[in-house]
There are 2 protein chains.
Amino acid sequence: MEDQISRRRSGPDTRAAIQRVALELFTEKGYEATSLREIADELGIQKPSLYYHFKGKEDILRALFDERGDEAEQLLQWIGEQPQTPELVGAAVLRWVQSFSAEKLRGIRFLSANPLIGRTFEGRTNDRIGSTLNQLVDRLTGLLPDQSPSKVLQLRMALLSINAAVDAATQTTFTDDEVLAAANTVAIALIDALL
Amino acid sequence: MEDQISRRRSGPDTRAAIQRVALELFTEKGYEATSLREIADELGIQKPSLYYHFKGKEDILRALFDERGDEAEQLLQWIGEQPQTPELVGAAVLRWVQSFSAEKLRGIRFLSANPLIGRTFEGRTNDRIGSTLNQLVDRLTGLLPDQSPSKVLQLRMALLSINAAVDAATQTTFTDDEVLAAANTVAIALIDALL
DNA sequence: GTCTATACGGTGATAGAC
DNA sequence: GTCTATCACCGTATAGAC
């Protein structure tokens, strides 16, 4: 329960509110196209107030990335503990896809709207976005009976089926659950074709 | 064969050269993050010279869009001429996917790097990017035995398998042919799961 | 066609009062 | 913590000489 003391503007935790609004706008209009003034306006505060909570625009972005979970690391560890068979590929991909809840779709949508941000960011932050995906692919590739480029790329696509589903559903009225279900179905179909 | 008369700077057709460089940079760094100065520098000309060939930055973008082919319209027409059976769905999707050559992947990569550009542009130009895809989906949806949201979304994903393949292959060393082959394989797998 | 010079607005960012 | 005032800079865009 939150206390009821009078609060105007952004609320009890301004920092979290900034992140929330920033994620929204970055997803809607893109990181570059979103100005700090717009973020401040949306919160009903002045632009310089943002600088009390964050060092700058890029720092807001970094905070967004740092907030991210580390499902990929956990999955990597889990894979290591399993018997290393070709069947593990399908199991791991499904585990990955199903680790995304409706809540986590917001992160995917942000990344989908800003595909270049991750690359620019690489090295500067704990880059755990793309590089762990690559580790994941590498580990699973080793288990594939056929490791031809075509198959490896299909494996990547299977892992990215959530992203593909989100992309396919943009500007439509599909619900989050429908998106997740489609991603799951597609992942299964791709794994079947893979083995 | 091109003639050998001496040409400095941007070459015989500056307008085309500007478009070429712009497409490159927009794809690499994103439309918003690319400045006209960078485009001019790359061509070895001065920034205001661009304004002789284009009305402004957005006009360069528009020219890029207008250059695009109209495979979607052609496909729509072709669909109308065929017997309207469920099997037509798979045939149409494959036709669509296979209409993309290595050459056309550049356009896909640009759109992949700038996913929000199309939406912002909508209405202002001959928006033939996303809206014809929707028409395509609508037409094909009518042929599906099961028209549940999940199936419709899977149909969208099948049509977007080229985009998904391009996304999955970014920052890797896959060749264009491998990307196209993977898109084709994935499209087939998704159609199989669809019918 | 391409240049130099410049206008003008908006951006991220800082200083310092309250 | 949030504000007002202000900064330097860089963006797109224009005028006019060559």
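Atoms considered below: every heavy atom in the structure, side chains included; atoms not considered: hydrogens, waters and symmetry mates. Each chain gets a letter, A, B and so on, in the order its sequence line appears, and its residues count up from 1.
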A:Gln147 side chain vs A:Thr141 backbone, donor-acceptor pair below 3.5 Å: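 Yes: the side chain of A:Gln147 pairs with the backbone of A:Thr141.
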Side chain to side chain donor-acceptor pair (under 3.5 Å) contacts touching residues 101-110 of chain B (sequence neighbours left out):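 Passing the test, one end in residues 101-110 of chain B: B:Glu71-B:Lys104, B:Glu103-B:Arg106, B:Arg109-B:Asp176.
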Listed once per pair and sorted, the side chain to side chain donor-acceptor pair (under 3.5 Å) pairs that draw on residues 182-195 of chain A, sequence neighbours left out: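 Qualifying pairs: A:Gln98-A:Asn184.
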List the atom pairs, with distances to 0.1 Å, where a side-chain N or O of residues 161-169 of chain B and a protein N or O form a donor-acceptor pair under 3.5 Å, not counting sequence neighbours.
unit_1, atom_1, unit_2, atom_2, d
B:Ser161, OG, B:Ala158, O, 2.9
B:Ser161, OG, B:Ala183, O, 3.3
B:Asp167, OD1, B:Ser112, OG, 2.4

Could you check how far [atom1] of [X] sits from [atom2] of [N], rounded to whole Å?
X       : N      : atom1 : atom2 : result
B:Tyr52 : C:dC3  : OH    : P     : 13 Å
A:Phe54 : D:dT2  : CZ    : C1'   : 16 Å
B:Gln46 : C:dC3  : CD    : C1'   : 7 Å
A:Leu50 : C:dG12 : CG    : P     : 10 Å

Short side-chain N/O contact from B:Thr14 to OP1 or OP2 of C:dG1, under 4.0 Å: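 Result: no.
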For A:Phe26, ring pair (Phe, Tyr, Trp, His ring centres under 6.0 Å) partners two or more places apart: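 A:Phe26 satisfies ring pair (Phe, Tyr, Trp, His ring centres under 6.0 Å) with A:Tyr31 only.
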Ring pair (Phe, Tyr, Trp, His ring centres under 6.0 Å) against B:Phe100, all qualifying residues, sequence neighbours excluded: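 Ring pair (Phe, Tyr, Trp, His ring centres under 6.0 Å) list for B:Phe100, sorted by chain: B:Trp96.
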For A:Lys29, all residues meeting salt bridge (charged side-chain N to carboxylate O under 4.0 Å, His left out), sequence neighbours excluded: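 Partners of A:Lys29 under the salt bridge (charged side-chain N to carboxylate O under 4.0 Å, His left out) test: A:Glu38.
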Those residues that, when tested against A:Arg15, pass salt bridge (charged side-chain N to carboxylate O under 4.0 Å, His left out) (two or more places apart):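 Per chain and number, A:Arg15 pairs via salt bridge (charged side-chain N to carboxylate O under 4.0 Å, His left out) with no residue.
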Nucleotides 12-18 of chain D: protein proximity per nucleotide (B base, S sugar-phosphate only, - neither; heavy atom, under 4.0 Å): BBB----
Angle of first-five versus last-five pair axes in the helix from C:dG1-D:dC18 to C:dC18-D:dG1, to 10 degrees: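 Axis angle across the helix from C:dG1-D:dC18 to C:dC18-D:dG1, nearest 10°: 10°.
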